[in-house]
Protein chains: 2
Amino acid sequence: MSAGDRRRRMSTITDVAREAGVSVATVSRALRGLDRVSPRTRERVLRVAEELDYVASPTATSLASGRTQVVGVVAPFLTRWFFATLVSAIEKTLRQHGHHVLLFDLEDDTYDKRLPLSQNMLWKRVDGVITLNLPMTDAELELVDRLGLPLVAIGTPVADRPNVRIDDAEVMRIATEHLISLGHERIAYVGAVPTNVAHIQTPQARLDAFRETMRNHGLEEHKQWILSSAWTADSAAEDTRELLASPERPTAVAAASDEMAIGVMAAARDQGLRVPEDLSVIGIDDHVHANVLGLTTVRQDVAAQGRIAAEILLRQLGVVGPEPAEQGTSRARTEVIVPTDLVTRRSTAAPG
Amino acid sequence: MSAGDRRRRMSTITDVAREAGVSVATVSRALRGLDRVSPRTRERVLRVAEELDYVASPTATSLASGRTQVVGVVAPFLTRWFFATLVSAIEKTLRQHGHHVLLFDLEDDTYDKRLPLSQNMLWKRVDGVITLNLPMTDAELELVDRLGLPLVAIGTPVADRPNVRIDDAEVMRIATEHLISLGHERIAYVGAVPTNVAHIQTPQARLDAFRETMRNHGLEEHKQWILSSAWTADSAAEDTRELLASPERPTAVAAASDEMAIGVMAAARDQGLRVPEDLSVIGIDDHVHANVLGLTTVRQDVAAQGRIAAEILLRQLGVVGPEPAEQGTSRARTEVIVPTDLVTRRSTAAPG
DNA sequence: CTGAAAGCGCTTACAG
DNA sequence: CTGAAAGCGCTTACAG
C-alpha cells in the first residue's frame with residue numbers, strides 16, 4: 001500500500017512505561033484515571049504518553065477487558081430520512097462518551113424481506129445493540145441474549161427491552177382529528193401494509209387509530225379509501241393516482257408518513273387538483289422537506305429518539321451514571337414516549 | 001444487565017481444538033481455509049466448530065493479525081440523502097466480503113465547521129478509510145499516513161489517493177446547456193458557497209462550469225443571479241425568494257443540487273409562479289423525490305460510487321484480487337469518474 | 001501436514 | 001501506591 005512509506009511504529013504501553021520509569025500496570029491505571037496512583041506518578045505518565053502520542057490499542061484493550069466501546073446500530077434501511085437522522089444522532093451521542101457505532105443495514109433485495117442479524121456481526125464486536133424500527137425474530141433475540149448484549153429498541157419494541165418511540169396511535173389520531181375539525185368527512189388513508197411483512201408493522205397502530213377516530217366521529221369508512229403503499233413518495237403517488245382521478249374522490253388524505261404525503265400532493269397536482277382547495281393532505285414526521293413543501297404534519301423529534309436511546313444504552317453499559325430520577329425507581333421496563341405535535345402548514349384547509 | 005441470565009460461555013478455539021483432537025494452530029488454519037491441512041482434518045474441525053457454534057473472536061484475531069476487518073466511513077453530514085445513500089451502498093459491499101463499517105459523522109454545530117478526524121477514531125480500529133465529500137486537512141492526512149491506512153475518497157479528492165466521483169463541471173454544463181437549448185437566456189444559479197468553507201468545495205467546479213457555459217453562449221452573467229445557499233431545500237427557498245419576487249427575474253434557475261432545486265420550485269409556487277411556464281428549474285442528483293416532484297435533473301448514480309469505492313479499498317487491503325483490466329496497467333493514480341445523464345421531466349420548458 | 005511456543009498489547013487480581 | 005505475572009484468544013514463524 002502506497003501509504004506505507006511514512007508509516008511509523010506507534011508507541012505501546014511498554015514504551016510509555018519504560019520512558020516514565022514505571023510498570024505497565026501503573027501506566028494502565030494512571031491513564032484510565034483509576035485510584036491508587038500518586039499524583040506525581042500520574043502526572044509523569046500523562047506527560048510521557050502525550051509526548052509519545054500514545055493511544056491505547058483498542059484491540060488489545062478489548063481482548064483484555066472484554067469491552068469494545070462500540071455499539072451495533074441495526075436498521076432495515078438506511079437511505080430514508082428517518083433512519084439516517086437516527087443514526088446521526090446516535091453516533092454523536094455515543095462519541096461524546098468515547099463509543100463508536102458499527103452500522104448494519106439489513107436491507108435486502110425486496111421491500112418485504114431483510115437480512116438476519118448474525119453472530120459474527122455482534123460477537124466480541126459490540127458491547128450493545130440499538131435497533132431502529134426492527135422487530136426481531138426469536139432466533140435473533142436468543143442470539144443477543146446468549147451474547148449477553150444489552151439492547152435498546154427505537155420505534156418497534158423488542159420483547160421487554162427498553163424502548164424509545166412515539167405514540168403511533170396518538171399521532172394518527174391527531175392527524176385525523178385535524179382533518180375532521182376542518183370539516184372533512186370524506187377522508188382516505190395511505191400507508192396500510194401487508195400484515196405478513198414482519199419488519200414494518202409500525203403502520204398497523206396508525207391505521208387502527210385512523211379507523212377508530214373516524215368511527216368515533218360517526219364517519220363512514222370506505223374500504224377502497226384505505227390504501228396500501230410501500231412508504232415512499234413515489235409509491236404513494238402511484239398508489240393514489242386512481243383514487244384521486246375518481247369523481248367520487250375524498251376531500252382529504254391522511255398519510256402515515258410525510259414521504260407518502262409528499263407523493264400524494266404531487267399526484268394531486270398532476271391530476272390538476274389544488275392543494276388544499278381541492279384536497280387536503282396531512283402527513284406524519286416533519287420530514288426535512290415538509291416545511292418547504294408546505295405540508296401539514298404531526299412532528300416527531302427523531303434526533304431526540306436517537307439521543308435518548310443511546311443514553312439508555314450507555315447507562316446499561318455503566319458508561320454513564322443513572323439518572324437521578326431513576327434512583328429508587330421501580331424496576332419497570334424502561335419505555336420512553338417522545339412527544340409529538342401538530343404543525344399546521346398550507347396543505348390542509350376546510351373542504352372546497 | 002437483565003440480558004445476563006441466559007448468557008452462555010461462548011466456545012473458543014481451544015474448545016474446538018480439544019474436541020477435534022488437534023492443536024489450536026491447526027484449527028486456525030483449517031477454519032481460515034489455509035493450505036497444509038489434510039482434507040480429513042479440515043472436515044473434522046469444520047464440523048466441530050459448527051457443533052460448538054464457534055466464531056473466532058474478532059478482538060483476538062485483530063490483536064494477533066493486526067487486521068480488524070472494519071473500515072472507517074467518514075462524512076461531514078449523515079442525514080442528507082447523498083451521504084445516507086453512499087453509506088448504505090458501502091456497508092452492503094463491505095459486508096459481502098466480511099468487512100464492517102465504523103461510522104463517523106463529523107458534523108459540528110454549524111454548517112461551515114466540522115470535527116477533526118483523530119487518532120483514537122482510527123488507530124487499531126479500522127483497516128482503511130473511505131471519505132465522503134471530505135477534504136482532509138494536512139494534519140489528518142499525515143495521521144492517516146502515519147497509521148498506514150489506505151484511503152479512498154468519494155467526491156472531493158484527497159491528495160493522491162484513489163478517488164471516485166462524477167465530473168462536476170460536466171454535470172453543470174449539461175444542466176446549463178439544457179436550459180439554453182430550450183431558449184433560456186436569463187438564467188440564475190443557486191448553490192455558490194463561501195470559499196472559506198473548506199469541506200464543501202465541490203460546488204466551486206459547478207459554479208465555474210455554469211459561468212463558462214454561459215460565456216460560451218454569449219450570455220450575460222448577472223452577478224446578483226449567482227446565489228449562495230446552504231445546500232438544503234429550506235435555505236434555497238429562502239435564498240431565492242427575493243430574486244423570484246423581482247420583476248427582473250430570470251426565466252430559469254440552475255441549482256447545484258436537487259434539494260436546492262426543490263426549494264426553488266417551492267419558492268416559485270409560493271410566489272405564484274408556475275413551473276415550468278413562468279420558471280424552469282433544473283437540479284443535479286436525481287434525488288429520491290425528483291421523480292415525484294417532476295424535477296428535471298442530471299442524474300448521478302450515488303450507490304454505484306459507494307460500491308466502487310468499497311471495492312477499490314477491498315482491493316488495496318488484498319481482500320479481493322485485482323481487476324483483470326488492472327493487471328499490467330500503469331501505476332497511474334486510480335480515478336473513477338462515474339457517468340451522469342440528463343433526466344428531462346416537467347420542471348423545464350421553453351421560456352414563457 | 002501438524003504442533004509447541006512466542007507474541008500481539010492491554011487489564012486485572014494478587015502481593016507487598 | 002506499585003510491580004510481577006497471568007490471562008484475554010487468536011496468528012504466525014519455526015521445527016519436525
Open item on the list: Checking contacts here: which listed nucleotide (D:dT12, C:dG3, C:dT12) is nearest the side-chain heavy atoms of B:S65?
Closed with: D:dT12
TODO: Take atom CD of B:E335 as the centre, draw a 6.0 Å sphere, and report whether it contains more than 12 heavy atoms from other residues, nucleotides or ligands.
DONE: yes
Open item on the list: Could you tell me how far apart A:Q69 (CD) and C:dT11 (P) are, to the nearest whole angstrom?
Closed with: 10 Å
Open item on the list: Tell me the interatomic distance from B:L63, atom CG, to C:dA6, atom P, rounded to whole angstroms.
Closed with: 17 Å
Task: Which nucleotide in C:dA5, C:dT12, D:dG9 has an atom nearest any side-chain atom of A:A25 - done: C:dT12
Task: B:R161/B:E140 salt bridge by N-O under 4.0 Å criterion - done: no
Open item on the list: Between A:E142 and A:R146, does any NZ, NE, NH1 or NH2 come within less than 4.0 Å of an OD or OE carboxylate oxygen?
Closed with: yes
Task: Rounded distance (Å) that lies between atom P of C:dC10 and atom CG of A:L31 - done: 10 Å
Open item on the list: Which nucleotide, if any, forms a Watson-Crick or G-U wobble pair with D:dA4, using both distances under 3.5 Å?
Closed with: none
Open item on the list: Taking B:E43 first and then B:R47, would you say they form a salt bridge - that is, a charged N and a carboxylate O separated by under 4.0 Å?
Closed with: no
- [ ] Report yes if at least one side-chain N or O of A:S28 is closer than 4.0 Å to OP1 or OP2 of C:dT11; otherwise report no.
- [x] yes
Task: Short side-chain N/O contact from A:S23 to OP1 or OP2 of D:dG3, under 4.0 Å - done: yes
- [ ] Please check the phosphate of C:dG3 (OP1 and OP2 only) for any side-chain N or O of B:T26 closer than 4.0 Å.
- [x] yes
Open item on the list: Nearest whole Å is fine: how far is C:dT2 C1' from B:R40 CZ?
Closed with: 14 Å
TODO: State whether A:T12 places a side-chain N or O below 4.0 Å from either non-bridging phosphate oxygen (OP1 or OP2) of C:dG9.
DONE: no
Task: B:T41 side-chain N/O to C:dT2 phosphate OP1/OP2 under 4.0 Å - done: yes
- [ ] Specify the residue among B:A60 and B:R44 whose closest nucleotide of DNA chain C lies further upstream toward the 5′ end.
- [x] B:R44
- [ ] Return no unless some side-chain N or O of B:R67 is found under 4.0 Å from OP1 or OP2 of D:dT11.
- [x] no
Open item on the list: Nearest 0.5 Å, please: how far is OG in A:S62 from NZ in B:K124?
Closed with: 12.5 Å
Task: Length of the CD-P vector between A:E43 and D:dT2, whole Å - done: 13 Å
TODO: Round to the nearest Å and state the distance from B:L34 atom CG to D:dT11 atom C1'.
DONE: 10 Å
Task: d(CZ, B:R42; P, C:dC1) in whole Å - done: 9 Å
Task: Atom pair distance, as rounded to whole Å: CZ in A:R29 and P in C:dT12 - done: 10 Å
Open item on the list: With a 4.0 Å limit, can you tell me whether B:S38 has a side-chain N or O closer than that to the phosphate oxygens OP1/OP2 of C:dT2?
Closed with: yes
- [ ] For B:A64 and for A:P39, locate the closest nucleotide of DNA chain D by heavy-atom distance; then report the residue assigned to the nucleotide nearer the 5' terminus.
- [x] A:P39
Open item on the list: For B:D105 versus A:R95, what's the shortest heavy-atom pair and its separation?
Closed with: O-NH2, 2.6 Å
- [ ] Choose from C:dC10, D:dG3, D:dT11 the nucleotide whose nearest atom is closest to any side-chain atom of B:R32.
- [x] D:dT11
Task: Complement of D:dA13, any strand, by Watson-Crick or G-U distances under 3.5 angstrom - done: none
